[in-house]
Structure formats: C-alpha cells, structure tokens
Asks: 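Here it is, the structure, as structure tokens.
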Protein chains: 2
Amino acid sequence: MIKKSHHTVRQSIQQRIETGEWPLGALIPGEIVLAAEYGCARTTINRALQALADAGMLIRKRKGGTRVCSMPVRLAKFAIPIVREQVEATGCQYKHQVVVNILKVPEKEIAAGLNLASGEKANYLETLHFANGKPFAFEQRWVNLKAVPTILTAPLHEISANEWLVKTVPFSSGDVVFYATNAEQRIADAIETTLGTAIFVSDRTTWFKEEFITKVKLYYQAGFQLYTQL
Amino acid sequence: MIKKSHHTVRQSIQQRIETGEWPLGALIPGEIVLAAEYGCARTTINRALQALADAGMLIRKRKGGTRVCSMPVRLAKFAIPIVREQVEATGCQYKHQVVVNILKVPEKEIAAGLNLASGEKANYLETLHFANGKPFAFEQRWVNLKAVPTILTAPLHEISANEWLVKTVPFSSGDVVFYATNAEQRIADAIETTLGTAIFVSDRTTWFKEEFITKVKLYYQAGFQLYTQL
DNA sequence: ACTGATATTATGTATGCACATAATATATTT
DNA sequence: AAATATATTATGTGCATACATAATATCAGT
C-alpha cells in the first residue's frame, strides 16, 4: 500500500468496512498501527478516521479506540432547493408568477409561530412556479418586514422571493416539515388538479439569529417526488 | 482574541459571517492573516476554514482565496430511521406485527427495479408498525434472498425486518423517494383511515456493492410529518 | 473487599515546517 | 500584440513532534 493522502486512506478504510473485513460494531486497529500499515503519519490516519466518524461510519472514544458504528446512522441529505433549480434540474424551463403581494396581519396561530407581536403586519406572498408552462408548485410565504424591509423593493417579478432571500439574507437556521395533504379547492385550482388529490407539501421556517425571517409553504404538483440518496 | 482550538476559531468565523461582517460572496482574509489575528498556526485556521467549506458556508479556491458562499447550499439532513426509534422518539410505545411473510416472484416492473432475474423469487414481507397500539406505518418490503439468505431464520417477530437488516448488513448505499398518495382501500384499512386520504410515503431501495438488498415502502399514518432541521 | 492514587493507552489538538498544486500576475520571447 | 514562460500567491497536503484529555488498568493502602 503506497496510498498517501488522507482521501485515499479514508476510501481504503471505508472499503474494508464495507467488505466486512471489520464487521459492524468491531474494534478497528489503533491509529499507530494503521499508520504503520499504510506507511504514513498518524496525523494522516487521524484525519481519515475523523472524517469517517463525521460521516457516521465510525464511533471514536478516547481510550476504548475506534469501532465501526453498529447501527449506522445513514443520513439522507438534500439541498433545500431554489425552486428554479429544482425545475431546471429536470430539464424544464422555469417561470414564476407573483399572484399576491400584500401586507397584512397574519392569523393568530400563524403570528405566534412567526414570533410576531399581535396586530403586527407582515408581507404575504403567493407565487406560482411553472415548469414548461405547467404549474410545478404553489407557494405561500410570510416575510418579516422588520428583519427584511428591503423585500418591498425587491424585483420579485424577475427573481422569486425564494431565490432573492437566499441570495440576500446571510446564513440562517430553520426547520422543514414535509407532509401529505388532500388538496383544498384553492390549492387544487392553483396547481391544476382536482379536489382531494394527495399533495406533497413542504413547510419551512427560517430564522436569523433568533429573529424570524420567512415561513413558506410549497404545494407541489400532483405526483411530485422528493428524491434523496443515502 | 485568545481563541485557540479550531472549533473555537470555526465558531468565531461562522459568527462573523452570520453577523454580516463578511457579507455573502465576499472575500475573507487569507489563512496567514487570520492566523496572525487569532494568534494561532495557519494549520489551525486551515482546519477551521475547511470545516466551514465542508459545511457549504465557504468556497475556497487555490489562489483566489476563500469567500463566503453566495448561494449557500443549506443541507437538510435526516437520519433514515429505524421505525421503532421514530415511534419511541415521540414518547410512544412501539410494537410491530408481521402480517405477511412469503416467498414469491415479484411483478415484472418490480423485479426489474430490484435487479432480479425473471422468475426469481424474493422474500416479500408486510409489517404493521404501531405506536401506543395505533397503526403508525404500514410496510411493504422485498428482500433479496441471494444477498441476505439468513433473513429466513431471523426472529422477525421480535425485531422488525427494518432493524434486523440495519444491524446485520454492512454499509450500503441506497436512495429514498418521498411522495404523497391517495390511500387505496388496502392501505386505508391497514393504517385505519379512509379511502383517498392523503398518505405520506417513503420508498427506499438499498444496495450493497451493486447487489440489491431490499426495497421497502412505508405508508405512514394520516397526518404524519417528516421533520428536519437546516 | 473496597477505595483511591498512579500509570497506561488511544484519541484530540496544536505547532512548525516542507513541499505540492492551482490560478493568477508579470515578464519574456516571437 | 500575441503567445509563452516564469514568478507569485493562497490553499492543499503530509510529517514529526509535543502536549492535552479521557477512559481504563494496575496497584497500594486501609
């Protein structure tokens, strides 16, 4: 083994796990032993093992050593997408259309979820996203004006609120909920399907340093599938 | 700044991005400058910056330097769960029940998806997962007998096929599709809802070194939500 | 036996150094 | 002026070393 870079070592070790040389839950050799075996410095082995531990493939403990994760936490990752990119990824042409853009006081339960004072207005937007001219998703969005006052002057007819916010607001945390729902009449009309059709919905709330920024519900076209890889 | 470990440096730098000190797309100081500023070695800065780059917060290029990612790819991660853990996480008691466990030849389209020779039998399982005695999810699963012959002797009444496979088969790759569907009568009966109710479905196929292992469809109870964080 | 001090061990972290590599800027040649 | 060579620069990677830290093993004292 003349392997060198931690990438190569990492890959090699991953293989040895995958082929079953080190079965699930087994203790693998220490860094020094591996370093000798691969003919590299312990530092290099360390980086490789740490990377694998980050990936959830190994569990490391001082003393106790490193062992193969017995119940591997397989993480499915997916990029929270710009709808435009989602559409264009399927080879379709993207278009969007702002249907509603008003200021209004949200209903109580929503205002609470948004962390807004009662009676405070927020920017409410409804946008239709199209793929090759057909409705792809229907978006309902609340934007906190205190956090992002400039949204009022943003050219939302050229760039969707979705994309504008990602490009403008620095890193933020948030949570996403996915669920299925039977289409109400309004939604059914918007995405051109029939009442009661099962619709895939993503509901996302975004925060920036404890301050609410935006909450968006996306109703995808009937038959939509969210694909991710392990 | 007496900050030391790369963790601390990483956090500090992340803050400076989040507070807007370095806006989206901006070029940040080089490693040497930062090392001087933080009073640590360049290596330490390097590790911190690399970590942030891995997290999708920075983009680094030899020469050209490091800049804040202008269109941050926020990755939503979620663990592909053992259903039991999913149930227990909500504080409910878990139980499962194997409804069907037979060998049969899958339909053509499924066999193709499973990479099985035509006419070849596979293990077909139907399992009901319960939370506090109420149906939580209905599982339909195909298992490749050539890959995992021991499934036939597994105690599937004590440990669900789901969990047994995760504990037994080494790391594997796979893909997951989520979608919404209107419940057919069979499904509706199984999870005790009414015909046509919108159901959240996850459809997962798992491979081990190019060999098909298992394909599983999970129909979740009505109202189920998949929650993830950014 | 039980308790607590001490040594051992494996990983975690930091540092300094050297060289590799890629992209750019500058100088050189035609 | 255009093409080519060279220097510069910032990151990428590897190594040797040292010390830190946490968990365990060992051993002594009561």
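Protein chains get the first letters and strands the later ones, always in sequence-line order, with residue 1 at the start of each.
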Asks: Give one of base, sugar-phosphate or nothing for A:Gly30, where a contact means two heavy atoms less than 4.0 Å apart.
Replies: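 If one applies the 4.0 Å heavy-atom cut-off, A:Gly30 turns out to touch the sugar-phosphate alone, with no base involved.
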
Asks: Judged by each residue's nearest nucleotide on DNA chain D, which is more toward the 5′ side, B:Pro29 or A:Ala41?
Replies: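 Here B:Pro29 is the residue nearer the 5' end.
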
Asks: OP1 or OP2 of C:dT15 versus the side-chain N and O atoms of B:Thr44: is any pair under 4.0 Å?
Replies: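 B:Thr44 to C:dT15 OP1/OP2: side-chain N or O found under 4.0 Å.
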
Asks: To the nearest angstrom, how far is B:Leu27 atom CG from C:dA23 atom P?
Replies: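 Distance, rounded to whole Å: 16 Å.
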
Asks: Which is more 5' along DNA chain C, the nucleotide nearest A:Gly64 or the one nearest A:Asn46? Just name the residue.
Replies: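 First, find each residue's nearest nucleotide; the 5'-ward one identifies A:Gly64.
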
Asks: Please determine whether a side-chain nitrogen of the Lys or Arg among B:Glu31 and B:Arg60 lies less than 4.0 Å from a carboxylate oxygen of the Asp or Glu.
Replies: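 A salt bridge links B:Glu31 with B:Arg60.
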
Asks: Starting from P on D:dC15, measure out to NE2 on A:His6 and report it in whole angstrom.
Replies: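 My rounded result for the distance is 11 Å.
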
Asks: More 5' along DNA chain D: A:Arg62 or A:Arg42, using each one's nearest nucleotide?
Replies: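 The 5'-side residue here is A:Arg42.
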
Asks: CZ of A:Arg67 versus C1' of D:dT24: gap in Å, rounded?
Replies: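 For the pair A:Arg67 CZ and D:dT24 C1', the rounded distance is 14 Å.
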
Asks: Where the side chain of B:Thr43 is defined as all heavy atoms beyond and including C-beta, which of C:dG16, D:dT13, C:dT13 is the nearest nucleotide?
Replies: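 Shortest atom-to-atom distance from the side chain points to C:dG16.
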
Asks: What integer distance in Å separates B:Tyr38:OH from C:dT13:C1'?
Replies: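 In whole Å, C:dT13 C1' and B:Tyr38 OH are 18 Å from each other.
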
Asks: Between C:dT11 and A:Thr66, is there an OP1 or OP2 to side-chain N/O distance shorter than 4.0 Å?
Replies: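 Yes, A:Thr66 has a side-chain N/O under 4.0 Å of OP1/OP2 on C:dT11.
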
Asks: Within the 4.0 Å heavy-atom criterion, would you say A:Gly65 contacts the bases, only the backbone, or no part of the nucleic acid?
Replies: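 Sugar-phosphate, no base atom in range.
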
Asks: Assess the side chains of B:Thr127 and B:Arg141: does a donor N or O sit below 3.5 Å from an acceptor N or O?
Replies: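 Distance-only check fails for B:Thr127 and B:Arg141.
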
Asks: Quickly work out the B:Glu31 CD to C:dT15 P distance and round it to whole Å.
Replies: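 Those two atoms, CD and P, are 13 Å apart.
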
Asks: Checking ring-ring contact (aromatic ring centres under 6.0 Å, His included) against B:Phe200, which of B:Phe224, B:Tyr219, B:Tyr227 comes through?
Replies: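 Exactly one candidate clears the test, B:Phe224.
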
Asks: Give me the one residue out of A:Arg84, A:Gln86, A:His129 that meets side chain to side chain donor-acceptor pair (under 3.5 Å) with A:Tyr94.
Replies: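 It is A:His129; the other options fail the test.
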
Asks: When you get a sec, tell me which of C:dT24, C:dT8, D:dG12 is the closest nucleotide to the side chain of B:Lys63?
Replies: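 For B:Lys63, the side-chain atoms sit closest to C:dT24.
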
Asks: A:Ile191 and A:Ala137: which non-hydrogen atoms are nearest, and at how many Å?
Replies: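 Minimum heavy-atom contact is CG2-C, 4.3 Å.
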
Asks: Find the distance B:His7:NE2 to C:dT13:C1' and express it as a whole number of Å.
Replies: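 For the pair B:His7 NE2 and C:dT13 C1', the rounded distance is 9 Å.
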
Asks: Would you kindly give the CG-to-P distance between A:Leu58 and C:dA10, to the nearest whole Å?
Replies: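 Rounded to the whole Å, the gap is 17 Å.
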
Asks: Whether A:Gln50 contacts C:dG12 is assessed here as follows: a side-chain N or O lying under 4.0 Å from the phosphate OP1 or OP2. Is that the case?
Replies: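 So the side-chain polar atoms of A:Gln50 do come within 4.0 Å of the phosphate oxygens OP1 or OP2 of C:dG12, strictly under.
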
Asks: What is the distance, to the nearest angstrom, from the CZ atom on B:Arg60 to the C1' atom on C:dT21?
Replies: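 Atom CZ in B:Arg60 sits about 14 Å away from atom C1' in C:dT21.
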
